[in-house]
Each structure stands twice: as structure tokens, then as C-alpha cells.
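The structure appears below as C-alpha cells.
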Amino acid sequence: MEEVEQVSSLIGRIYDAAIDPALWAAVLESAREFVGGSAAALFSKDATRKSLDVYYDDGGLDPHYKQLYFDKYVKLDPFTTGHVFAEVEEPISTVDLLPYDEFLETRFNKEWAQPQQLVDFVCAVLDKSATSAAMFGVFRHERHGLADDKTRRRMRLIVPHIRRAVLISRTIDLKAAEAATFADTLDGLTAGMFLVDETGRIVHANASGHAMLHESSVLRAAGGKLVATQASAATALSEIFPVARGGDAAVGTKGIAVPLRAHDGDHYVAHVLPLTSGARRRAGTSYAAVAALFVHKAALASPSPPEAIARLYNLTPSELRVLLAIVQVGGVPETAEALGVAEATVKTHLHRLFGKTGAARQADLVRLVAGFSNPLVGRPRLPAPAGRRHPIDGRGAAKTASF
């Protein structure tokens, strides 16, 4: 029961932070204490630029080492590629991306993590584009040990709610607006926003929302109620609104990102925020609303060339990282230096790359990557993965772009 109460309280504060970003630092501190760790952050990583942007953190990392990461070790981070291509909401830790013994031998560990007595990093993707991902992560100190089943279970309890809050906070930029000016603030949003009661009746809509209702392509008003034009989405929303009166716990993970489709085939996404709990209750009460619905057009992106290569040849994050480094910096010694790993480690991954791709030399690997990267030559004719026929169309499923 103590854990249930902890989760309920934490989820309420997470959703409050969606409206008031100033709350994130304290919320992240509580989140990492719940999961078990010494520091936590909301951040995004870009696998192509090998860069990281921190949006909010709890101040748990030593400022010196935080700056050192940006100045030097962001380029040596062995996890970036694996992080960007991970599944949304699925907790991952060090051992999910590379053998722990291999991690211990990296310069990243020896020079950056080990001096801080950091032994693990458990995180989850909240949203992603072709080459970048927005994430929530918790650093594990020696006193916490490696991430275990309890750590992952607790991550799964809160990550969907952090994801909803982040998606909504991207859509709005509110500083706990007063009820009297709440509508005026929302009217300035480019995303459609609707306040609804438990029956789905529209009690307020901003200007963008009214425009959507006028077009009746994605959403329409039927008897004063908000209805999605797509049957599956209409069903999903009709199931969420009635339970929103029960607050965050009642809504659970429903309505985090409801896919919508317009008559012309364009894709939209809806995010539902309960208004009957926490600091949000004041806004909901002012309008007799139980939930706010934010709707925006989804930016679609195909998988990046590195992700397409990894999928086609079933490469691990470490193998993909070595492949890209071989292409960018050259031979084994240069790659080992650039990645901060031993030459023997690079050679091991190279042999596996040869086996999986059918390449015989490093030059073949360079041509393989170049074929995927050049949009003018179309789909490259490459050796098929072992035991598989070469696909006619290797395009991946589209994903909602982010950050």
C-alpha cells in the first residue's frame, strides 16, 4: 500500500509539472528516489551529431562532471546509438546495450563514470525522431547497484506518465496560469485544445480547436460532444473521458498518445491530461471539466539510415557504433581511439559485422553505409543478411517525430 500511495502522489506531481515546468527539478528528485538512484534528468540525444540536450535535471550530478561530459565525453558515450534506437517506454540499462565487462573497459567508464562511483544508468525513451530521442534517465551509484527487476518494474510504473507530461509540456508552455486567464493562455496555442466533461461535452475550446471542429476532418462536435472522425479513435476517447473524473489513477496510461487520422490521410496525435487531481484541479473546476485534450499534427519520419541498417542486418548497438565509426574515422586503431575502447574490442565487432553483412573488407562496409545514405541512388543492392532474402522494399514504419 505504501508503494501505491507513493506512485499515486508522484504521478499527480508529474502531471502538474506538465503545466508548471518549474516543478520538474523536484519531481525528478522524487522520481529517482522512487526508482533508486543518485541523479535523474529529462534530456534528448542525437545519434548523428553525438550531442545531448538536458531539459530538466534534479541537480544530483556533480557540476564539474556534468560540464566535462559536454566538453569531452559526449563523443565517447557508448550508449547514444542504443538509446536513440530503443523502444518507446521500455526501460533499458547498461547490460541491454553492451556487455558489462566491455563497458568497464571504456574510457567513458574509467574517466567519467567510475570517478563518480556511477555503475549504471537506467532510462526509457519518451518520444523519438529518426536520429534523436527524448528520454528520462536515472543514474545508479555504487550504493544502489546495477538496475534489477525492481528498478525496471518501478520505471514501468512512472515512465508512461512522464511521457504524457513531456508530450503535453511540448505542446503548451504554461506557468500555472490563473483560472481567469486560463482560456486566454490556451487560445494562443497552435495545437487544438479542448476542455471536456465526463460525457465528452465540450466546455471550452481554443481558437485552433474551433478551427478543427469547423473543418470536421479530424474531430467534430456531435450534440455538443467531442468525437473523433475515425472510429477507433472515437472509441478510445469515449472510454477515457468518463474515467477522468476519478483522477490520475483512474485514467492510468490511457490517452497518452491517441493516434488520429484526418479525411485526407494526414496523421494527428491527441494527448489527454486529467484535470481532477493536483494543482490542475483549479483549472478543471473553473470550467466543470474533467480533462484537457491537446491535438496536433504528427510529423512523420522514416527510420534513419543507421537504424535501417541495424534492422536489416540485425546489428547490436555496439556493432552499429563500430560500423559508423569505421566509416567516419577509418581503421581499427583510429576507431578504437574515437570510441574509447580497446582495439581488440573493435576487431571483435568487425568480424561480427563481416559475418552479418556479407562484407569481406572495411571498404565494403563503407560502401554499404554510403548506399543507404545517398538518396539519389535509391535502395542499394547489398549482400542479403545471412539466411534471409534481400527485401524488395526495406522502408520502416513511420514514427512520430519529436523534440
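Scope of the values below: all heavy atoms of this structure, side chains included, with no hydrogens, waters or symmetry mates.
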Item checked: Residue pair Val84 / Lys128, side-chain heavy-atom distance below 4.5 Å -> no
Next item on the list: Could you tell me whether the side chains of Asn206 and Ser208 share a donor-acceptor contact shorter than 3.5 Å?
Entry: no
Checklist line | Counterpart residues, side-chain hydrogen bond (donor to acceptor under 3.5 Å, both in side chains), relative to Tyr268 (two or more places apart) | finding: none
Item checked: Atom pair CZ (Phe85) and CZ (Arg311), whose distance is rounded to the nearest 0.5 Å -> 9.0 Å
Margin query: Within the 3.5 Å criterion, strictly below it, is a donor on Ser51 or Asp46 matched to an acceptor on the partner's side chain?
Written below: no
Checklist line | Basic-acidic side-chain contact under 4.0 Å: Glu89, Arg156 | finding: no
Next item on the list: Indicate whether the side chain of Arg143 and that of Ser38 have a donor and an acceptor atom separated by less than 3.5 Å.
Entry: no
Next item on the list: Would you check if the side chain of Thr80 reaches a backbone N or O of Ala47 as a donor-acceptor pair within less than 3.5 Å?
Entry: no
Notebook entry, point to check: Do Val322 and Thr345 come within less than 4.5 Å of each other through their side chains, counting heavy atoms only?
Noted result: no
Notebook entry, point to check: Parallel, tilted or perpendicular: which describes the rings of Phe108 and Tyr69, with under 30° parallel and over 60° perpendicular?
Noted result: perpendicular
Checklist line | Pairwise side-chain contact, Lys50 with Val74, heavy-atom cut-off 4.5 Å (strictly under) | finding: no
Note to self: Between the side chains of Glu337 and Arg107, is the shortest nitrogen-to-carboxylate-oxygen separation below 4.0 Å, so that they form an ion pair?
What the structure shows: yes
Next item on the list: Please name the residue in the list Leu226, Ile202, Val196, Leu195 that meets the side-chain contact (heavy atoms from CB on, under 4.5 Å) test with Leu293.
Entry: Leu226
Notebook entry, point to check: Looking only at heavy atoms, what is the nearest atom pair of Ile158 and Ala31, with distance?
Noted result: CD1-CB, 4.1 Å
Notebook entry, point to check: Do the side chains of Asp364 and Leu368 get nearer than 4.5 Å, heavy atoms only?
Noted result: no
Next item on the list: Might you work through the salt bridge (charged side-chain N to carboxylate O under 4.0 Å, His left out) test for Glu3 and Arg153, ending with a clear yes or no?
Entry: CA-CA 12 Å; Glu3 183 178 273; Arg153 179 178 61 79; 2.8 Å; yes
Item checked: Side chain to side chain, Leu365 and Leu350, heavy atoms closer than 4.5 Å -> yes
Check: Are Thr94 and Tyr100 close enough that a side-chain donor and a side-chain acceptor fall under 3.5 Å?
Finding: no
Item checked: Partner residues of Ser8 under the side-chain hydrogen bond (donor to acceptor under 3.5 Å, both in side chains) criterion, sequence neighbours left out -> none
Notebook entry, point to check: Distance only, no hydrogens: is a donor on one side chain within 3.5 Å (strictly under) of an acceptor on the other, for Thr316 and Arg352?
Noted result: no
Margin query: With a 4.5 Å cut-off on side-chain heavy atoms, are Val166 and Tyr55 touching?
Written below: no
Item checked: More than 12 heavy atoms of other groups within 6.0 Å of Arg261 CZ -> no
Next item on the list: Can you see which heavy atom on Pro317 is nearest to which on Thr81, and at what distance?
Entry: O-CG2, 4.3 Å
Notebook entry, point to check: Taking the inter-plane angle between the rings of Phe139 and Trp112 on a 0 to 90° scale, is it parallel (under 30°), tilted (30 to 60°) or perpendicular (over 60°)?
Noted result: tilted
Note to self: Give me the atom names and distance for the closest heavy-atom approach of Asp96 to Pro91.
What the structure shows: OD2-O, 4.2 Å
Next item on the list: Write down the atom of Asp58, the atom of Arg32, and the distance for their closest heavy-atom approach.
Entry: OD2-NE, 2.7 Å
Notebook entry, point to check: Hey, are the side chains of Phe79 and Lys45 touching, using non-hydrogen atoms and a 4.5 Å cut-off?
Noted result: yes
Checklist line | Shortest non-hydrogen separation from Glu102 to Ser318 and the atoms involved | finding: OE2-OG, 3.7 Å
